[in-house]
Amino acid sequence: AVPRHGEEAGRVMRRSPHDILGCARGPVLALAPPARLVVGAAAFATCMVAPVAAPQGSLIAVGVTTAWLAACRVPFRILRPALLLGLALFLPYFLLVPLLPDALAVPWSLLVRGMTGMLVSLATVTSLSASDLGEALARLPIPSAVAAILLQVVHQSGTLFYETRRLAEAMAVRGAIGGALAGWRVLVSVPRVWLPRIADRAERVAEAMELRGFCDEEARPLRPVPFSIADVVAVAMSTVVLACVVALRLAEGV
């Protein structure tokens, strides 16, 4: 029988990263993929630039994040673990308040920037499927090499996660998870077991791509499709909000 700790490990690793891509069901799906990516990037930049140490800056960052989450309508099963992870990552900084001269300013800024940036990124990812991401990167003025690398990272992440899950399940069946000594042994042995499997799969993928001629000729460019009015309005609004936040930050001299 599989130990209880093995069952818990299996539940943690059951969801693949590819399950997150394109799982949003909000009105933002009416926009073209390039517009979704641009608006998401603008929302992320707004949260990073906003002077969150001031109340108005925090309100802007939280408001932009809330609006983007509502527009994407991220499933709660995806949003809840992200919220818990963000709180676990950023709340401990408040323990440093007695040691910081600016009291709550530093940990509060870390919390707001970290949470809003993570949630905006998550919403953007859920609004784009793998094919949508490929289309967006192909249509936007992004260097082809950068776009190809990003696409390969996305496409191969599911495979890597699958290999990691199989390795964890095999360790759980053999009772290798649990206890400090067993955990240390697993940590030491993972690179020797996991990395060769990943390298072998990457080599097979490269050989398959070469046999199919992916390395011999350039990919055909996509047929140009103009932005709709909704796409133009969404991109313009996100750009205006970002410009206003940049102006606010410059005005405050932060």
Side-chain angles (χ1 to χ4, degrees), residues 13-45 65 67-82 117-166 198 201-239:
M13 304 191 64
R14 222 178 351 242
R15 184 173 294 124
S16 169
H18 281 188
D19 296 337
I20 301 177
L21 291 172
C23 68
R25 293 295 180 267
V28 75
L29 298 182
L31 302 178
R36 289 179 235 162
L37 186 57
V38 170
V39 174
F44 179 85
T65 302
W68 187 233
L69 287 173
C72 295
R73 201 181 300 166
V74 181
F76 187 69
R77 61 183 176 84
I78 303 295
L79 183 60
R80 180 176 178 273
M118 183 177 65
L119 294 177
V120 166
S121 301
L122 177 66
T124 305
V125 168
T126 60
S127 70
L128 295 166
S129 64
S131 60
D132 289 339
L133 180 61
E135 180 183 350
L137 292 176
R139 296 190 188 282
L140 293 175
I142 298 175
S144 57
V146 176
I149 291 174
L150 290 175
L151 283 178
Q152 281 302 310
V153 169
V154 172
H155 286 304
Q156 297 302 323
S157 62
T159 301
L160 302 184
F161 187 86
Y162 175 71
E163 292 290 345
T164 305
R165 184 172 60 183
R166 289 182 58 188
I198 299 304
R201 182 167 300 257
E203 184 177 358
R204 284 182 291 168
V205 170
E207 292 174 353
M209 292 178 66
E210 186 175 358
L211 288 175
R212 289 164 174 80
F214 280 91
C215 302
D216 296 334
E217 59 182 5
E218 293 291 335
R220 293 182 180 179
L222 293 175
R223 180 173 60 88
V225 177
F227 273 14
S228 66
I229 296 179
D231 297 331
V232 174
V233 170
V235 172
M237 289 180 60
S238 62
T239 304

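In what follows, residues are counted from 1 in the order of the sequence shown.
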What is the distance from atom [atom1] of [X] to atom [atom2] of [Y], rounded to the nearest 0.5 Å?
| X | Y | atom1 | atom2 | result |
| --- | --- | --- | --- | --- |
| Thr65 | Phe44 | OG1 | CZ | 10.0 Å |
| Cys72 | Leu128 | SG | CG | 8.5 Å |
| Ile20 | Leu122 | CD1 | CG | 6.5 Å |

Side chains of residues 33-41: which donor-acceptor partners sit under 3.5 Å, not counting sequence neighbours?
| unit_1 | atom_1 | unit_2 | atom_2 | d |
| --- | --- | --- | --- | --- |
| Arg36 | NE | Leu31 | O | 2.9 |
| Arg36 | NH1 | Ser127 | O | 2.7 |
| Arg36 | NH1 | Asp132 | OD2 | 3.2 |
| Arg36 | NH2 | Leu31 | O | 3.0 |

Specify the closest pair of heavy atoms between [X] and [Y], including all atoms of both residues, with the distance to one decimal.
| X | Y | value |
| --- | --- | --- |
| Arg73 | Arg25 | NH1-O, 3.3 Å |
| Ala70 | Pro27 | O-CD, 4.2 Å |
| Pro75 | Ala24 | CD-CA, 4.3 Å |

(request) Could you pull out all residues at least two apart from Ser228 that satisfy side chain to side chain contact (heavy atoms under 4.5 Å, CB included)? (result)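 Per chain and number, Ser228 pairs via side chain to side chain contact (heavy atoms under 4.5 Å, CB included) with Ala230, Asp231.
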(request) Could you pull out all residues at least two apart from Ala71 that satisfy side chain to side chain contact (heavy atoms under 4.5 Å, CB included)? (result)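 Scan of Ala71 (side chain to side chain contact (heavy atoms under 4.5 Å, CB included), adjacent residues dropped) gives Val28, Trp68.
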(request) Report yes if the side chains of Leu21 and Val125 come closer than 4.5 Å at any heavy-atom pair, otherwise no. (result)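 The answer is yes, as the side chains (C-beta and beyond) meet within the 4.5 Å cut-off.
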